[in-house]
Amino acid sequence: MDAQRDLEGLSALVTGATSGIGQAAAEELGRRGAEVIVHGRDSARGAAVADNITGEGGKARFIAADLSDPARLDDLAEQAGAVDILVNNAGISLPAGPTAGVDVATFDRIFSANVRAPYFLVAALAPKMAARGSGSIVNIGSQAGHVGMPGIAAYSATKGALAALTRSWAAEFSPAGVRVNLVAAGPVYTPIQPRESAEAVGAGTIMARVAEPDEIAGMIAFLASPRASYITGAVIAVDGGRTAI
């Protein structure tokens, strides 16, 4: 099999795929042969990403859904159909600030987006993967889930929770052939974070720079592929060495 088309015949759902890491991952999976289900809330941006994929000879379609609504989450899983690869990328961040500055509504909103949504997507899709005997789930975490950073306690807690879920899901579903891994991304140029803020965090990495979304997408595509067939339950840092120091 051509290593660059190693996902031929597989279906991949990428949440939050209309920009940043999600868009880069969706486009990379499409280049590798997967039929990509682009998820997002903005139909125009979603259609543009799907067009990018089909314009390069791939297959893609867009499904709009607000994952903060459990009913819409169920609709997404139903419309997606038989998914071989799930990339749980959608999530939200918050401006840095003290713990006391986060109210209950904000706390609940970030846990709903970053923990509850991937939890129930996995609950809907992973058992079907297991019944077929194969599948790959790639969760998108953060260095913030593993390194203490001031001002983002709630966000860090969601990413720590996602790492714990990754290990539990691997123990639950990998005996049936479904691999579950997490990419702990370092600072990345994305629309949700001001460039200056990302560069300030990037300066603290061993490589003293910020990643481009494509650099994270490459690891996502690898973990989704047969080349990662013996990797499950892993938390893989793609963070310029930040968690090594």
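Numbering of residues begins at 1 and proceeds along the displayed sequence. What you see is a predicted model, and the numbers here were worked out from it, not measured in a lab.
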Fill in: Non-neighbouring partners of Ser197 that pass side-chain hydrogen bond (donor to acceptor under 3.5 Å, both in side chains), sequence neighbours left out
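Ser197 satisfies side-chain hydrogen bond (donor to acceptor under 3.5 Å, both in side chains) with Gln193 only.
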Can you give each donor-acceptor pair under 3.5 Å made by side-chain atoms of residues 96-103, sequence neighbours left out, with the distance rounded to 0.1 Å?
unit_1: Asp103; atom_1: OD1; unit_2: Ala105; atom_2: N; d: 3.4
unit_1: Asp103; atom_1: OD1; unit_2: Thr106; atom_2: N; d: 2.7
unit_1: Asp103; atom_1: OD1; unit_2: Thr106; atom_2: OG1; d: 2.7

Go through the structure and list residues passing side chain to side chain contact (heavy atoms under 4.5 Å, CB included) with [X], not counting sequence neighbours.
{"X": "Pro118", "value": "Asn88, Leu162"}
{"X": "Asp108", "value": "Val104"}
{"X": "Ser229", "value": "none"}
{"X": "Gln79", "value": "Ile63, Arg72, Asp75"}

Worksheet item: Which residues, ordered by chain and number, are linked to Tyr230 in its hydrophobic cluster, where ILVMFWY side chains connect at heavy-atom gaps below 4.5 Å, directly or through other members?
Response: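 The other cluster members (ILVMFWY side chains, heavy atoms under 4.5 Å, direct or chained): none.
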Worksheet item: Which atom names give the shortest non-hydrogen contact between Ser112 and Ser68, and what distance separates them?
Response: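 Between these two residues, the closest heavy atoms are OG-CA, 3.9 Å.
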Discussion item. Looking at every heavy atom in both Ala198 and Val210, which two are closest together, and how far apart are they?
Written reply: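 Heavy atoms only, the tightest pair is O-CG2, 3.1 Å.
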Under 3.5 Å donor-acceptor pairs involving side-chain atoms of residues 182-191, not counting sequence neighbours:
unit_1: Tyr189; atom_1: OH; unit_2: Glu199; atom_2: OE2; d: 2.9

How about [X] and [Y]: do any of their side-chain heavy atoms sit closer than 4.5 Å?
{"X": "Phe120", "Y": "Leu67", "value": "no"}
{"X": "Asp239", "Y": "Thr205", "value": "no"}
{"X": "Met219", "Y": "Ile236", "value": "yes"}
{"X": "Asn139", "Y": "Asn181", "value": "no"}
{"X": "Glu27", "Y": "Val36", "value": "no"}

Discussion item. Does anything in residues 57-116 form a ring pair (Phe, Tyr, Trp, His ring centres under 6.0 Å)? List the pairs, not counting sequence neighbours.
Written reply: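 Only Phe107-Phe111 qualify under ring pair (Phe, Tyr, Trp, His ring centres under 6.0 Å).
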Only distances under 3.5 Å count here; give the side-chain donor-acceptor pairs of residues 10-21 to other protein atoms, sequence neighbours excluded, each with its distance to 0.1 Å.
unit_1: Thr15; atom_1: OG1; unit_2: Val87; atom_2: O; d: 3.4
unit_1: Thr15; atom_1: OG1; unit_2: Asn89; atom_2: N; d: 2.9
unit_1: Thr15; atom_1: OG1; unit_2: Ala90; atom_2: N; d: 2.9

Give every donor-acceptor pair under 3.5 Å between a side-chain atom in residues 129-138 and any protein atom, sequence neighbours left out.
unit_1: Arg132; atom_1: NH2; unit_2: Val83; atom_2: O; d: 2.6
unit_1: Ser136; atom_1: OG; unit_2: Leu223; atom_2: O; d: 3.2

Worksheet item: Same cluster for Val180 and Val115 if Ile/Leu/Val/Met/Phe/Trp/Tyr side chains link at under 4.5 Å?
Response: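 Yes, same cluster.
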Worksheet item: According to a 4.5 Å side-chain heavy-atom criterion applied to Ile, Leu, Val, Met, Phe, Trp and Tyr, with indirect links allowed, do Val38 and Leu86 form part of one hydrophobic cluster?
Response: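 Val38 and Leu86: separate clusters.
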Worksheet item: Does any N or O in the side chain of Lys159 come within less than 3.5 Å of the main-chain N or O of Ile140, such that one atom is a donor and the other an acceptor?
Response: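 Yes, Lys159 side chain to Ile140 backbone: donor-acceptor pair under 3.5 Å.
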Fill in: Cationic N near anionic O, under 4.0 Å, Glu8 to Lys59
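Judged by the 4.0 Å cut-off on N to carboxylate O distance, Glu8 and Lys59 do not form a salt bridge.
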Side chains of residues 141-151: which donor-acceptor pairs under 3.5 Å do they make with residues two or more places apart or in other chains?
unit_1: Ser142; atom_1: OG; unit_2: Ala144; atom_2: N; d: 2.9

